[in-house]
Colleague: 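This is the structure I have questions about; it appears just below.
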Amino acid sequence: MGRGLDRRADTSRGHRALHARPLAALGYSAGKLGDWYPDLLDNATGKLVLGRDKPGWQPGWFTQHQRLIEALGSQTRRAPVAIQGDFHATAVGKILRSDGLTLTNPLHLVSTGALGTGDLAFPSAFRHIESTPSGLV
């Protein structure tokens with residue numbers, strides 16, 4: 001873990017209760033370019049798949065994801081919580097593991113979006129995919 005993340009994960013000062021993220025939801029993927037994960041929408045099946053190149057996706061994004069959730073999951077004085085925005089999804093979940101990383105404490109996730117949840121959510125209805133857990137978590 002990097003020095004900055006070590007300092008942010010240090011709970012001895014008692015002021016890191018939550019991690020707030022405005023977008024790029026942790027744990028969930030819709031196969032879009034900006035997602036943390038390499039999942040890609042297979043148009044033939046309408047499902048997310050791994051093992052194919054995702055055009056424009058950078059592996060460093062997932063490396064940064066792993067550093068963030070490791071730092072959050074290493075908190076010992078309180079439950080790690082990430083409150084995150086996604087205009088088109090409302091969800092609650094938790095990450096227990098991610099790829100080869102097993103978290104000491106589960107990372108609780110709250111996605112607070114409400115602009116387009118439902119059957120005709122934009123752009124999900126037009127892309128024929130809902131935000132689902134990544135194949136890596």
Colleague: Of all heavy-atom pairs between Asp39 and Ser29, which one has the smallest distance, and what is that distance?
Modeller: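 Between these two residues, the closest heavy atoms are CB-OG, 3.7 Å.
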Colleague: Could I get the full list of side-chain contact (heavy atoms from CB on, under 4.5 Å) partners for Asp42, not counting sequence neighbours?
Modeller: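 Counting only residues at least two positions away or on another chain, Asp42 forms a side-chain contact (heavy atoms from CB on, under 4.5 Å) with Ala44, Thr45, Val49, Arg52.
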Colleague: Measure across Gly27 and His65 and return the closest heavy-atom pair with its distance rounded to 0.1 Å.
Modeller: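 Shortest heavy-atom separation between Gly27 and His65 comes out as N-NE2, 4.5 Å.
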Colleague: Quick one: side-chain contact (heavy atoms from CB on, under 4.5 Å) partners of Gln66, sequence neighbours excluded?
Modeller: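 Phe62, Ile69, Ser98, Asp99, Leu101.
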Colleague: Under the 3.5 angstrom rule, does the side chain of Trp57 hit a backbone N or O of Tyr37 as a donor-acceptor pair?
Modeller: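 Judged by distance alone, yes, a pair lies under 3.5 Å.
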Colleague: By side-chain contact (heavy atoms from CB on, under 4.5 Å), which residues pair with Thr102, not counting sequence neighbours?
Modeller: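 Expected list: Arg97.
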Colleague: Is it true that atom NZ of Lys54 has more than 12 heavy atoms of other residues, nucleotides or ligands lying nearer than 6.0 Å?
Modeller: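 Counting other residues, nucleotides and ligands, NZ of Lys54 exceeds 12 neighbours.
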Colleague: Please check: side-chain N/O of Asn105 versus main-chain N/O of Pro80, any donor-acceptor pairing under 3.5 Å?
Modeller: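 It does not hold such a pair.
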Colleague: Could you tell me the separation between the OG1 atom of Thr104 and the CD atom of Glu70, rounded to the nearest 0.5 Å?
Modeller: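 Going from the OG1 atom of Thr104 to the CD atom of Glu70 covers 8.0 Å.
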Colleague: Nearest heavy-atom pair of Pro106 and Leu96: which atoms, and what distance?
Modeller: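 Shortest heavy-atom contact: CB-CD2, 3.5 Å.
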Colleague: Quick one: are Leu136 and Pro38 in side-chain contact, heavy atoms under 4.5 Å?
Modeller: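 Sidechains of Pro38 and Leu136: in contact.
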Colleague: Out of curiosity, Ile95 CD1 to Leu109 CG, how far, rounded to the nearest 0.5 Å?
Modeller: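 Result: 4.5 Å between the selected atoms.
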Colleague: Trp36 and Leu26: which non-hydrogen atoms are nearest, and at how many Å?
Modeller: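 Trp36 and Leu26 have their closest heavy atoms at NE1-CD2, 3.5 Å.
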Colleague: Which value, rounded to the nearest 0.5 Å, describes the distance between Leu72 atom CG and His108 atom NE2?
Modeller: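 Reported to 0.5 Å precision, the distance equals 11.5 Å.
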Colleague: If every non-hydrogen atom of Leu33 is compared with every non-hydrogen atom of Pro55, which pair is closest and at what distance?
Modeller: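 So the two residues come closest at CD1-O, 3.3 Å.
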